[in-house]
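Down below is the structure, laid out as structure tokens.
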Amino acid sequence: MQQDERSGLLLALSGFALLSVGDAIIKTMAGEWSPLAVAALRFAIGATALSALLLLTEGPAAFRPTKPWLQVARGACLAGATLCFFSAIFVMPLADAMAIAFVSPIFVSLFSGPLLGEKVRPVVWLVSLVALGGVALILRPNLAELGIVALLPLASAFFFALMVVANRSSAGQGSALSMQAFIALWATPFLVVAALIGDRSSMASLEIGMPDWTVVARCALVAVTASAAHWIAYLGTMRAGASTIAPTTYVQIIVATTLGYLIFGDVPDAPTLAGAAIVVGAGLFLWWSTPRRAK
């Protein structure tokens, strides 16, 4: 393996691991503030910082994308994925929610056919069924305890896959920084509206009051770490290539399981671990069986 590939893999591993650290920080706010408000504040801070950085480095012209409605769609999909995932980890073990959400690569392969005109190979359908079997194992105890709320990570994976498809359609429309700023800018208003709707609902857990300063500080910390994580992973991709670093995304499950045990005392049972292994194995098999594009 060449030096660039080694350093790229290390960067990607660091970036994806840092994302799970941010998820753990989010989970520490469970019961302290509405998960919808947490998502809105986290992205409002992130969007503000990214916009300021984009303005300083690329100027006002960088804020004029060639396909603005596509950027709106990207933001809406990210908002949906974030709302579902944050709400899920507030009530579920972090590792369980993460493992279920990792069916998103399967969804991406399925959506690429009708939305991007790509041919869906027969193996994708087989892998999808296997992955859903793993999801069923993970959902088993959570459905019994939480009901339909346990399906939130699956909904998050659905929205995340749509976002990935929209990202593919956005290729070449701006720099990596502008694409990151656009999606945060458009996700924020959707998240704010969702938080306000939750506040007007009859659910006490979604009421928005004045948060403790530590909640604001943690939201800001997650905004910083998430942006840094995405940038580090991007640098890793540039050095090693997307196909090389793809499997490193699964380090998030390892980090989530470790932090879930150390911080929250969550110990996954054998069927849950088996389900997570099936989901990860299905994703890795799909990556391994996908024909590589020529350089």
### Task
Answer yes if Val193 and Phe86 sit in the same cluster of Ile, Leu, Val, Met, Phe, Trp and Tyr residues linked by side chain heavy atoms under 4.5 Å apart, and no otherwise.
no
### Expected output: side-chain Trp33 to main-chain Gly209 donor-acceptor under 3.5 Å
yes
### Query
What's the spacing between Ile263 CD1 and Thr258 OG1 if we round to 0.5 Å?
10.0 Å
### Message
So Val135 and Leu154, do their side chains get closer than 4.5 Å, heavy atoms only?
### Response
yes
### Query
If you take all heavy atoms of Leu139 and Ala150, which pair is closest and at what distance?
CD2-O, 3.1 Å
### Task
Mind running salt bridge (Lys or Arg N to Asp or Glu O under 4.0 Å) on Arg140 and Glu145 for me, showing each step along the way?
CA-CA 9 Å; Arg140 171 191 46 81; Glu145 181 180 350; over 6 Å; no
### Query
To the nearest 0.5 Å, what is the distance between CG (Leu70) and OG (Ser170)?
3.5 Å
#### Entry: Side-chain (Thr188) to main-chain (Phe43) donor-acceptor, under 3.5 angstrom
yes
### Task
Check for a donor-acceptor pair, side chain of Ser87 on one end and backbone N or O of Cys84 on the other, with a separation under 3.5 Å.
no
### Task
To the nearest 0.5 Å, tell me how far Ser227 OG sits from Ile232 CD1.
11.0 Å
### Query
Between Thr272 and Asp269, is any side-chain donor less than 3.5 angstrom from a side-chain acceptor?
yes
### Message
Show the nearest heavy-atom pair for residues Pro271 and Leu137, with the distance to one decimal.
### Response
O-CB, 3.7 Å
### Task
Could you check if a side-chain atom of Ile100 sits within less than 4.5 angstrom of a side-chain atom of Val279, using non-hydrogen atoms only?
no
### Query
Can you name the closest pair of heavy atoms from Val127 and Ala282 and give their distance?
CG1-O, 3.4 Å
### Task
Let me see the working for Phe285 and Val123 under side-chain contact (heavy atoms from CB on, under 4.5 Å), right down to the final yes or no.
CA-CA 10 Å; Phe285 179 80; Val123 69; 3.5 Å; yes
### Query
Does Lys27 count as lying over the ring of Phe264, i.e. NZ or CZ under 6.0 Å from the six-ring centre, within 45 degrees of the axis?
yes
### Message
Would you compute the distance between atom CD1 of Ile254 and atom CG of Leu259 and round it to the nearest 0.5 angstrom?
### Response
12.0 Å
### Query
Phe63 vs Phe182 aromatic rings, parallel, tilted or perpendicular, using cut-offs 30° and 60°?
perpendicular
### Query
Backbone N or O of Ile208 within a donor-acceptor pair of the Asp199 side chain at under 3.5 Å?
yes
### Task
Starting at NE2 of His230, measure out to CZ of Phe16 and round the result to the nearest 0.5 Å.
9.0 Å
### Query
Do Glu58 and Ser175 have side-chain atoms, one donor and one acceptor, less than 3.5 Å apart?
yes
### Message
Main chain of Met179, side chain of Arg74: is a donor-acceptor contact present, judged purely on distance under 3.5 Å?
### Response
yes
### Message
Any non-hydrogen side-chain atom of Leu177 less than 4.5 Å from a side-chain atom of Leu53?
### Response
yes
### Query
Does Tyr261 reach the side chain of Asp266, with side-chain heavy atoms less than 4.5 Å apart?
no
### Task
Describe, in one word, how the ring planes of Phe111 and Phe107 are oriented to each other, choosing from parallel (under 30°), tilted (30 to 60°) and perpendicular (over 60°).
parallel
### Query
Met92 and Asp96: which non-hydrogen atoms are nearest, and at how many Å?
CE-CB, 4.1 Å
### Message
What I'd like to find out is whether the side chain of Cys219 reaches to under 4.5 Å of the side chain of Val38, using heavy atoms alone.
### Response
yes
### Task
I would like to know whether Trp125 and Leu129 meet side-chain contact (heavy atoms from CB on, under 4.5 Å); could you show each step before the answer?
CA-CA 6 Å; Trp125 297 103; Leu129 291 175; 5.9 Å; no
### Query
If you take all heavy atoms of Gly198 and Ser201, which pair is closest and at what distance?
O-OG, 2.5 Å
### From CA spacing to verdict: side-chain contact (heavy atoms from CB on, under 4.5 Å), Val108, Arg168
CA-CA 11 Å; Val108 170; Arg168 289 183 181 178; 3.6 Å; yes
### Query
Could you go step by step and tell me if Phe85 and Met98 meet the side-chain contact (heavy atoms from CB on, under 4.5 Å) rule?
CA-CA 8 Å; Phe85 190 73; Met98 182 74 69; 4.1 Å; yes
### Message
In the structure I gave you, are the side-chain heavy atoms of Thr82 and Arg42 within less than 4.5 Å of one another anywhere?
### Response
no
### Message
Would you say Leu50 ends up clustered with Leu185 if hydrophobic residues are merged whenever their side chains have heavy atoms under 4.5 Å apart, either directly or through other cluster members?
### Response
yes
### Query
Shared ILVMFWY cluster between Ile45 and Leu36, side chains joined below 4.5 angstrom?
no
### Task
Is it possible for you to say whether Ile253 and Leu152 belong to one hydrophobic cluster, with membership spreading through side-chain heavy-atom contacts below 4.5 Å?
yes
#### Entry: Path from Phe160 to Tyr250 over hydrophobic side-chain contacts below 4.5 Å
no
### Task
Indicate the atoms forming the closest heavy-atom contact of Trp231 with Ala176, along with that distance.
CZ3-CB, 4.1 Å
### Message
Can you confirm whether Phe102 sits close enough to Val280 that some side-chain heavy atom of one is under 4.5 Å from a side-chain heavy atom of the other?
### Response
no
### Task
Please round to the nearest 0.5 Å and tell me the distance separating atom CD1 of Ile26 and atom CZ of Phe90.
6.5 Å
### Task
Could you tell me whether a side-chain N or O of Ser20 sits under 3.5 Å from a main-chain N or O of Gln252, the two making a donor and an acceptor?
yes
### Task
Would you check if Pro35 and Leu206 make a side-chain contact, meaning some heavy-atom pair closer than 4.5 Å?
yes
### Query
Just wondering, are more than 12 heavy atoms of other shown residues or ligands nearer than 6.0 Å to CD1 in Ile148?
no
